Amino acid sequence: MTDDDEARKQPRVHFDRHAPEYRDEFEEQTRAFHAGCPLAWSDTYGGHWVAAGNRELLALAREQDKLSNDHDVHGERRGYQGISIPAPKRGRGIRGGFLEMDPPEQRTYRGALNPYLSPAAIARWIPFIDEVARACLDERIESGRIDFVDDLANIVPAVFTLAMMGIPLKKWELYNEPAHAGVYTPPSSPEMARVIEAHKAMIKDIGATLHEVRADPRPGLADALARMEIDGEPPSDGDLVGALALLIGGGFDTTTALTAHALEWLSGHPAERARLSRERDTLLDSATEEFLRYFTPAPGDGRTVAEDCRIAGKEFKEGDRLWLSWAMANRDPAVFPDPDRVDLARPGNRHTAFGLGIHRCIGSNVARTVFKRMLLQVLDRIPDFSCDPEGAVHYETIGVIQGMRHLPAVFTPGPRLGPGLEETLVALQRACDEQGLAKPVTDRKAEAKVR
């Protein structure tokens, strides 16, 4: 490193979001960043900038044309490594969907998917989401025991995501395990070999789905991507598989993580839980945004500096790696008073949980809606739930998703309201097929009928 490089890469900090202790030390580290180094250099993972301040992230978002998301997996361009720091060892040869693309290519993908993911498009699915959540709770409600992760928060987002994609609902378990385990399993774990095999099976099925919808079109996100063109040419199958895998990863684990953490917090704050249930008409929306801010499921994203520039008072050089910490920006006291406290009625909550700018999460409407529908059913049907803190298992590393593997709880047993999950999925598959539920909102505006 030259003296000039040494001088510009200041202040210097040690930052390793993949370290097991990071979850426990998150608040302490975040306060230190905000107190003196909201934009700093860390030597970990080959060296990269860390943007922790909310205002610094906004400044970087305003200059996003100088930053790149590109993952040049075949070495055809400038060799940039996408949004993960460090770059993942698994999945070499496949970009992480349009989140690892730059405009104009990235805009084409989002344009193809927007009619399926707008607020109006997602609102049509509410009866479907409610029916899946109802069936999940019915499986456990007579027992008085539930694991909120295994028995609810893993299942509802997975089933709904597959429905939107046009993939048979009965395959949800094939996709569920690799989608979660691929995030929470440390690379050094002896379980990684099994996880990789499960991930390969998922990727193989995604590829098979593309071939199926080309040969026999059926509505859904997979069909939308299979039919799209960029400058008159179809994308490569590798890029399409990456885009569908991105939708699965974004639709599954993030919503699961948000739901589990919110329920764990509400269990520990029963007065606030009762208040949220009682005042849901005015409090549900703000509470959802506060849980997103406080428990930011996807902690951040990487970028590569695409040209020499000066942003937020720092000199960047082309090729520098940069980590945008949405989670730390959401605890910035300059923007959020008393940031380490959950305030269900927090006003003006302009959090960054879904990112900023052109790469802002395309599935934000999905996450909000699925979370709210699950939460409401829990509040209505098992309002006295109590989570077991000894049985709760958080992800060992929260570098990718701040998630939970298990969240057992007990409650006063209640009556079933309908058939179990397996029978319900058969009925919902029939509804998807007969009603064309996965069509874009431009073709189908009617709400789903599931009974």
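All heavy atoms count here, side chains included; hydrogens, waters and symmetry mates do not. Residue numbers start at 1 and run along the sequence shown. Keep in mind the model is a prediction, meaning the values are calculated, not measured.
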Just by distance, do the side chain of [X] and the backbone of [Y] share a donor-acceptor pair under 3.5 Å?
X	Y	value
Asp147	Asp151	no
Thr397	His18	yes
Ser267	Leu263	no
His71	Ile83	no
Gln81	Arg321	no
Arg214	His211	no
Ser286	Leu283	yes
Asp205	Ala201	no
His351	Phe291	no

Please report the interatomic distance [atom1]([X]) to [atom2]([Y]), rounded to the nearest 0.5 Å.
X	Y	atom1	atom2	result
Leu39	Trp323	CG	CH2	15.0 Å
Phe148	His406	CZ	NE2	15.0 Å
Glu318	Glu307	CD	CD	9.0 Å
Gln64	Leu356	CD	CG	9.0 Å
Ile146	Cys387	CD1	SG	9.5 Å
Thr161	Ile248	OG1	CD1	8.0 Å

For residues [X] and [Y], determine if any side-chain heavy atom of one lies less than 4.5 Å from a side-chain heavy atom of the other.
X	Y	answer
Leu162	Pro168	no
His261	His394	yes
Leu58	Thr352	no
Leu60	Trp49	no
Leu376	Leu284	yes
Phe316	Leu67	no
Leu244	Leu247	yes
Ile122	Met164	yes

[Y] versus [X], side-chain donor and acceptor atoms under 3.5 Å:
X	Y	result
Tyr45	Asp16	yes
Asp253	Tyr184	no
Asp301	His359	no
Asp102	Ser68	yes

Regarding [X] and [Y], does a basic nitrogen lie under 4.0 Å from an acidic carboxylate oxygen?
X	Y	answer
Arg95	Asp239	yes
Asp285	Arg368	no
Glu290	Arg293	yes
Arg8	Asp320	yes
Arg346	Glu289	no
Asp70	Arg78	no

Heavy-atom pair of closest approach, residues [X] and [Y]:
X	Y	answer
Ser84	Glu100	N-OE2, 4.2 Å
Ile398	Tyr395	CG2-O, 4.2 Å
Asp388	Glu390	OD1-N, 3.0 Å
Ser42	Thr44	OG-OG1, 2.9 Å
Ala179	Phe252	CB-CD2, 3.5 Å
Thr296	Ala353	CG2-CA, 3.9 Å

- Item | Stepwise side chain to side chain contact (heavy atoms under 4.5 Å, CB included) test for Glu177 and Arg194 | CA-CA 10 Å; Glu177 171 64 12; Arg194 179 187 60 79; 3.0 Å; yes
- Task: Show the numbers, then the answer: is there a side chain to side chain contact (heavy atoms under 4.5 Å, CB included) between Ile196 and Lys200?
- Result: CA-CA 6 Å; Ile196 289 174; Lys200 287 179 180 177; 3.8 Å; yes
Residue [X] excluded, over 12 heavy atoms near [atom1] under 6.0 Å:
X	atom1	result
Arg350	CZ	no
Glu229	CD	yes
Asp338	CG	yes
Arg55	CZ	no
Gln10	CD	yes

- Task: Could you label the plane-to-plane angle of the Phe15 and Tyr22 rings as parallel, tilted or perpendicular, counting under 30° as parallel and over 60° as perpendicular?
- Result: perpendicular
- Task: Identify whether NZ of Lys or CZ of Arg in Arg31 sits under 6.0 Å from the centre of the six-membered ring of Phe26 and within 45° of that ring's axis.
- Result: no
- Could you go step by step and tell me if Glu6 and Arg12 meet the side chain to side chain contact (heavy atoms under 4.5 Å, CB included) rule? CA-CA 10 Å; Glu6 180 74 29; Arg12 304 176 80 85; 3.9 Å; yes
- Query: Does the side chain to side chain contact (heavy atoms under 4.5 Å, CB included) test come out yes or no for Ile311 and Val305, once each step is laid out?
  - Reply: CA-CA 11 Å; Ile311 305 174; Val305 177; over 6 Å; no
